[in-house]
Amino acid sequence: MNQQYFLKVKREIWVLLIHILMGGLSLVSIYFFVAWVFFILLINIQPLTKKRTRSKTILLLSGYFLGLELIGRMIHASPFIPYQAGSYFMLIIFSYGILAGGIKSSIQVGKIILLLCIPGFYMIPYANYFIYFLNSFSGILSLGLAAIYFGNQRYSLQDLKDFIKVTVLPIIVIVVYISVKTPSYEDIDFTLGANFDTSGGFGSNQVSTILGAGLCLLLLAYLRKDQIFYSMKFISVVLIAAFLFRGLLTFSRGGIIGGILSVLFAYFYLSSKNASKFVINVFRIILVSLSLIFLFFLSDRLTGGLLSERYQGDTKATLSGRKEKNLAVLTTNRSYLAEIEWNIFTQNVFFGVGPGRGYEEREKSFGSSIASHTEITRLLAEQGLPGLAIGFIFLFYPLLRIKNATSSMETYYLIAFFFLAVFTSMHAGMRTMVTPLFWGLACAKYHMPKPVNKAFNTRNEYKHYSYNSATQKLT
């Protein structure tokens, strides 16, 4: 039994119930969750060692671990599940995939990223080497490894749908956890800042980021009419509403805005390529948008109108007239931090100040050792010209993949994955797996298989077909 077990139609209800239960059990004791994580890793060892199932297993595990990492942080499962478990996972799983499968593709972009990381590797302050390596350097290494690994993979539409299903399961655990832990709304003192009461007592930015990623994936499938849950077709709509509602109540805007914009960019492209159905597609996106707006206004009413003011960039100071609304206020000082990091870069052009040293440099200008939330400018400040080169690759290489896509389906998902990675890097850096994982997926190839007759057998159980890069055949 492995991740494929979750994909069986006849087990969908039980799988959903298990993850709902896990959300409740995580409130009781961390050991239920810890045991579950090790169980998931254990049952996937065998398929990871087999050539035929390795590619699909790495894809599904990567998606599943996206939410597991955050749950571990929320319930303080360290040291059993390290705080930076996502960094460990990506470095190990992508390295293993590369070494086990070999590098057959001529794509060199991932190798270039790793080569550009070499100066930064030696410039990490020795006194805090391990901490700075994980917090400020491992994300870029994971980006390079993901580009190498996924650049050699070719997945089918069914693989993508399976990836979406497996990815949203741990996010269901997160929604249950924060829903149960949230106090009565009447007892919550909503303000114009990030809300920890509605994010399970944890960082609302990270919670919003993961919920936004789940929202993005489900909307992508829903708008294209790609069925994710076959036994309960309505469940995708329920999860979309739940992810949006809980994400809005965190009062952290980046994750939700980035997830929705990524879908809109991809869907408008898809609509423009299908002129015969353009009116129908536009009408469909309008209906979905109105539904999302309706849910926004319900949430806004629950917060006494503060949610809409938060999304307009207002603060107590701007509402009282003591401060003018400007870019720094609208971005919660992210633009100001980006300006500081640009100044650090201009003073340390060649190799930057070194990964992790940005904390100390930002403290000199900002007054506190705040983490960078904008990955591109952090790269400039900490790695100089090599960081600038990595930034160019990060922003422009997936556009080449999008241009060379062989089908509208492939282009649709590539656009969404790329923009989700970029938007996340602009408000949450690489604090979660979202940016390196989805940027890596924007480097992969996606194959639209020919229709297969009798996709449903007599027991109404969906047969899963995937493209095996090793055999170059559908399996």
Side-chain angles (χ1 to χ4, degrees), residues 178-179 182-213 215-216 241-265 289-342 362 365-368 370-377 419-420 422-429 431-432:
I178 62 179
S179 297
T182 298
S184 171
Y185 295 119
E186 296 177 354
D187 298 330
I188 298 176
D189 182 21
F190 288 103
T191 65
L192 291 172
N195 197 303
F196 290 88
D197 288 331
T198 56
S199 59
F202 188 71
S204 60
N205 180 267
Q206 295 185 44
V207 175
S208 172
T209 297
I210 299 300
L211 291 175
L215 176 67
C216 174
F243 292 176
L244 177 61
F245 177 69
R246 296 306 319 188
L248 289 172
L249 289 184
T250 65
F251 273 58
S252 185
R253 299 163 294 177
I256 299 302
I257 293 175
I260 292 177
L261 286 179
S262 300
V263 175
L264 289 177
F265 288 162
S289 298
L290 289 175
S291 300
L292 298 181
I293 292 171
F294 176 72
L295 189 56
F296 177 89
F297 280 115
L298 285 179
S299 305
D300 186 42
R301 185 175 181 180
L302 185 66
T303 63
L306 291 176
L307 182 64
S308 58
E309 292 179 351
R310 169 70 170 168
Y311 272 77
Q312 293 174 49
D314 282 314
T315 65
K316 287 184 178 180
T318 60
L319 290 175
S320 64
R322 290 184 288 108
K323 183 182 289 187
E324 182 181 349
K325 190 187 298 185
N326 53 31
L327 185 60
V329 173
L330 288 171
T331 60
T332 322
N333 284 324
R334 282 173 175 78
S335 63
Y336 179 54
L337 287 172
E339 183 181 346
I340 291 174
E341 288 170 330
W342 172 258
R362 286 188 295 272
S365 300
F366 193 75
S368 63
I370 189 170
S372 174
H373 288 67
T374 308
E375 190 62 27
I376 298 298
T377 54
F419 279 103
L420 181 62
V422 171
F423 282 134
T424 302
S425 74
M426 293 173 66
H427 72 85
R431 303 172 77 188
T432 67

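- When the side chain to side chain donor-acceptor pair (under 3.5 Å) test is applied to T303, no partner is found at least two apart in sequence or on another chain.
- The salt bridge (charged side-chain N to carboxylate O under 4.0 Å, His left out) test applied to R362 returns E341, not counting sequence neighbours.
- The structure places CZ of R431 at 4.0 Å from NE2 of H373, a figure rounded to the nearest 0.5 Å.
- For the atom pair CZ (F296) and CG (L244), the distance works out to 9.0 Å, reported to the nearest 0.5 Å.
- In this structure, L337 and S372 have side chains that are not in contact, with every pair of non-hydrogen atoms separated by 4.5 Å or more.
- Contact of the F297 side chain with the S308 side chain is not registered, since no non-hydrogen atoms from C-beta on lie closer than 4.5 Å.
- Taking S291 as the reference, nothing meets the side-chain contact (heavy atoms from CB on, under 4.5 Å) condition, with sequence neighbours excluded.
- In terms of heavy-atom proximity, S320 sits nearest to A317 at OG-O, 3.1 Å.
- Side-chain contact check for I188 versus T182: some heavy-atom pair is nearer than 4.5 Å.
- Checking side-chain atoms of T198 against main-chain N and O of L249 turns up a donor-acceptor pair under 3.5 Å.
- If you take CG on L330 and OG on S335, they are separated by 8.5 Å, rounding to the nearest 0.5 Å.
- Of all non-hydrogen atoms in T432 and I210, the two that sit nearest each other are CB-CD1, 4.2 Å.
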(request) Take R246 and V207 through the test side chain to side chain contact (heavy atoms under 4.5 Å, CB included) and record every step on the way to the result. (result) CA-CA 9 Å; R246 296 306 319 188; V207 175; over 6 Å; no
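- Between the CG atom in L215 and the CG atom in L292 there is a gap of 7.0 Å [rounded to 0.5 Å].
- Residues passing the side-chain contact (heavy atoms from CB on, under 4.5 Å) test with A241, sequence neighbours excluded: L295.
- Judged by distance alone, the side chain of K325 and the main-chain N or O of Q312 form a donor-acceptor pair under 3.5 Å.
- The minimum heavy-atom distance between S262 and F423, with the atom names listed, is OG-CD1, 3.5 Å.
- Residues F196 and G203 approach most closely at CE2-CA, 3.8 Å, considering heavy atoms.
- Judged by distance alone, the side chain of T318 and the main-chain N or O of D314 form no donor-acceptor pair under 3.5 Å.
- A search for side chain to side chain donor-acceptor pair (under 3.5 Å) contacts involving N333 returns nothing, not counting sequence neighbours.
- Atoms CZ and OG1, on R310 and T250 in that order, are 8.5 Å from each other to the nearest 0.5 Å.
- Scanning both residues, N195 and F190, for their nearest heavy atoms gives ND2-CD2, 3.4 Å.
- Residues that satisfy the side-chain contact (heavy atoms from CB on, under 4.5 Å) test with T424, not counting sequence neighbours, are T209, L420, H427, A428, V434, T435.
- L261 has its side chain out of reach of F419: every pair of non-hydrogen atoms, C-beta onward, lies at least 4.5 Å apart.
- Of the inter-residue distances, the one linking L248 atom CG with L302 atom CG reads 11.0 Å to the nearest 0.5 angstrom.
- The minimum heavy-atom distance linking S208 with G247 is given by the pair OG-O, 4.4 Å.
- When side chains are defined from C-beta on, L192 counts as touching L306, because their heavy atoms get closer than 4.5 Å.
- Counting heavy atoms from C-beta outward, Y311 and I257 have side chains that approach closer than 4.5 Å.
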